[in-house]
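Just so it is clear, the values below take in all heavy atoms, side chains as well, and ignore hydrogens, waters and symmetry mates.
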Amino acid sequence: MNTTITLPPHLTLNINLTDEQFFQLCQNNRDLKFERTASGELIIMPPTGSDTGNRNFDIAVELGIWNKQTKLGKGFDSSTGFKLPNGKDVSPDVAWIKKERWDSLTSEQQYKFAPIAPDFVIELRSPSDNLKPLQEKMQEYIENGVKLGWLIDRKQGKIFIYRPGQVVAELDHPQTLNGEDILPGFVLDLREIW
């Protein structure tokens, strides 16, 4: 007799895994999204719904077009893992790293979960996501070296902008966002995202 186990939307497990074991777990289970806290707790997240996935794609395409034109860095999608300086393994919805920082990593570091905080990250809140954990995650990105972060909350129509040493800025239904001095000349058109 087959038994089906229903898991909560976000499952956190206390499992001691080496970096190599965690990498292999992620490679062997590509249908799931894994992150790991700085203390080693494994977080298992389901894939996003089609609507959220489409909006993530649109955001990544806009960043990708800008990056292809400027050649200032490397862009990454939501299936990319990074090891932050505090030891946490994360997978932002969209990430970008300046070319010289990326090029300073070895080929092996680039192949696995790069031990580097992106310069820029975006998190897009899914309908099932609670806001507070996402805000905490964004703050942790900044504390670990991210220079600019955008939390897009379609549910409330808000954008939260994170920068080191600054209070979080909150915008209501902006039509565009600009990449400031981190992504010079990049403008994200939000009309399709809302």
Undergrad: Quick one: list whatever passes ring-ring contact (aromatic ring centres under 6.0 Å, His included) with F113, sequence neighbours left out.
TA: F22, F23
Undergrad: Determine whether more than 12 heavy atoms belonging to other residues, nucleotides or ligands lie under 6.0 Å from atom CD of E108.
TA: no
Undergrad: Quick one: does Q139's side chain have a donor or acceptor within less than 3.5 Å of a partner on E136's backbone?
TA: no
Undergrad: Tell me, yes or no, whether the heavy-atom count around E192 atom CD, taken from other residues, nucleotides or ligands under 6.0 Å, exceeds 12.
TA: no
Undergrad: Which salt bridge (charged side-chain N to carboxylate O under 4.0 Å, His left out) pairs, counting each pair once, include a residue from residues 54-76, with sequence neighbours left out?
TA: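 Residue pairs passing salt bridge (charged side-chain N to carboxylate O under 4.0 Å, His left out), neighbours aside: D51-R55.
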Undergrad: For the residue pair T80 and S91, what are the closest heavy atoms and their distance?
TA: O-OG, 3.0 Å
Undergrad: If hydrophobic clusters are built by linking Ile, Leu, Val, Met, Phe, Trp and Tyr wherever their side-chain heavy atoms come under 4.5 Å apart, do L25 and Y111 end up in the same one?
TA: yes
Undergrad: Using only atom types and a distance under 3.5 Å, with no angle test, would you say the side chain of D93 pairs donor to acceptor with the backbone of L124?
TA: yes
Undergrad: Do M138 and V121 come close enough that some side-chain heavy atom pair is under 4.5 Å?
TA: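 Yes, at least one pair of side-chain atoms sits under 4.5 Å.
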Undergrad: Strictly distance-based, threshold 3.5 Å: is any side-chain N or O of R36 a donor or acceptor partner for the main-chain N or O of L17?
TA: yes
Undergrad: Look only at the side chain of T176 and the backbone of D189, and say whether a donor-acceptor pair between them is shorter than 3.5 Å.
TA: no
Undergrad: Carefully, step by step, assess Y162 and Q135 under the rule side-chain hydrogen bond (donor to acceptor under 3.5 Å, both in side chains).
TA: CA-CA 9 Å; Y162 291 77; Q135 290 172 321; 4.5 Å; no
Undergrad: Between atom CG of L42 and atom CD of E35, what is the distance when rounded to the nearest 0.5 Å?
TA: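 Nearest 0.5 Å value for the CG-CD distance: 10.0 Å.
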Undergrad: OG of S78 to NZ of K33: how many Å apart, nearest 0.5 Å?
TA: 5.0 Å
Undergrad: Using the rule that Ile, Leu, Val, Met, Phe, Trp and Tyr join whenever any side-chain heavy atoms are under 4.5 Å apart, tell me whether L171 and I152 fall into a single cluster.
TA: yes
Undergrad: Are I142 and L177 co-members of a hydrophobic cluster defined by side-chain heavy atoms under 4.5 Å apart?
TA: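 Shared cluster, no.
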Undergrad: Taking the side chain from S126 and the backbone from T48, do they hold a donor-acceptor pair closer than 3.5 Å?
TA: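 No; zero donor-acceptor contacts below 3.5 Å.
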Undergrad: Decide yes or no for I159 and L190: does some side-chain heavy atom of the first lie under 4.5 Å from some side-chain heavy atom of the second?
TA: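 Yes; the side chains approach each other to less than 4.5 Å.
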Undergrad: Is any side-chain heavy atom of P184 closer than 4.5 Å to a side-chain heavy atom of L72?
TA: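 Yes, side chains in contact.
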Undergrad: Do D119 and V146 have side chains that get closer than 4.5 Å, going by heavy atoms?
TA: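 The answer is no, as the side chains (C-beta and beyond) never meet within the 4.5 Å cut-off.
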Undergrad: Should N178 and L188 count as side-chain neighbours, where that means a heavy-atom distance under 4.5 Å?
TA: no
Undergrad: Look at the side-chain heavy atoms of Ile, Leu, Val, Met, Phe, Trp and Tyr, link any pair under 4.5 Å apart, and say whether W194 and F160 land in one connected group.
TA: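 Cluster IDs for W194 and F160 differ.
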Undergrad: Looking at R154, is its backbone amide N or carbonyl O close enough to the side chain of R125 to form a donor-acceptor pair, meaning the two atoms are under 3.5 Å apart?
TA: no
Undergrad: Between A117 and N144, which heavy-atom pair has the shortest distance, and what is it?
TA: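 Shortest heavy-atom contact: CB-O, 3.1 Å.
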Undergrad: Indicate yes or no: at least one non-hydrogen side-chain atom of L183 is less than 4.5 angstrom from one of L63.
TA: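 Counting from C-beta outward, L183 and L63 do come under 4.5 Å.
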Undergrad: Which residue pairs satisfy the salt bridge (charged side-chain N to carboxylate O under 4.0 Å, His left out) criterion with at least one member in residues 155-170, sequence neighbours excluded?
TA: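 Qualifying pairs, neighbours excluded: K158-E170, K158-D172, R163-E180.
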Undergrad: So, do R101 and I116 sit near enough that their side-chain heavy atoms are less than 4.5 Å apart?
TA: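 Touching, per the 4.5 Å side-chain cut-off.
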Undergrad: Please determine whether ring-ring contact (aromatic ring centres under 6.0 Å, His included) holds for the pair F120 and W150, giving the CA-CA distance in whole Å, both sets of side-chain angles, and the decisive distance to 0.1 Å.
TA: CA-CA 8 Å; F120 171 69; W150 297 341; 4.8 Å; yes
Undergrad: D153 side chain to Q156 main-chain N or O, any donor-acceptor pair under 3.5 Å?
TA: yes
Undergrad: Give a yes or no answer on whether the side chain of D77 reaches the backbone of A60 with a donor-acceptor pair at less than 3.5 Å.
TA: no
Undergrad: With rounding to the nearest 0.5 angstrom, report the CG to CG distance, D129 to L151.
TA: 9.0 Å
Undergrad: Can you list every pair that meets salt bridge (charged side-chain N to carboxylate O under 4.0 Å, His left out) and has a residue in residues 140-152, with sequence neighbours left out?
TA: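 The answer is K88-E140.
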Undergrad: Is there a side-chain contact between I122 and P92, using heavy atoms and a 4.5 Å cut-off?
TA: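 No, too far: nothing below the 4.5 Å cut-off.
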Undergrad: Mind checking whether I193 and L148 sit in one hydrophobic cluster, side chains of I, L, V, M, F, W, Y counted as touching below 4.5 Å?
TA: yes
Undergrad: Rest of the hydrophobic cluster containing V61 (Ile/Leu/Val/Met/Phe/Trp/Tyr, side-chain heavy atoms under 4.5 Å)?
TA: F57, I65
Undergrad: Would you name the heavy atoms of L105 and A114 that are closest together and state the gap between them?
TA: CD1-CB, 3.8 Å
Undergrad: Would you compute the distance between atom SG of C26 and atom CG of D89 and round it to the nearest 0.5 angstrom?
TA: 7.5 Å
Undergrad: Check whether N54 reaches the backbone of S50 with its side chain - one donor and one acceptor, N or O, closer than 3.5 Å.
TA: no
Undergrad: Sorted by first residue and then second, give each ring-ring contact (aromatic ring centres under 6.0 Å, His included) pair with at least one member in residues 62-98; sequence neighbours left out.
TA: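 Residue pairs passing ring-ring contact (aromatic ring centres under 6.0 Å, His included), neighbours aside: W66-W96, W66-F186, F76-F82, F76-W102.
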Undergrad: Indicate the atoms forming the closest heavy-atom contact of P115 with Q109, along with that distance.
TA: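 Nearest pair, atom of P115 first, then Q109: CG-NE2, 3.5 Å.
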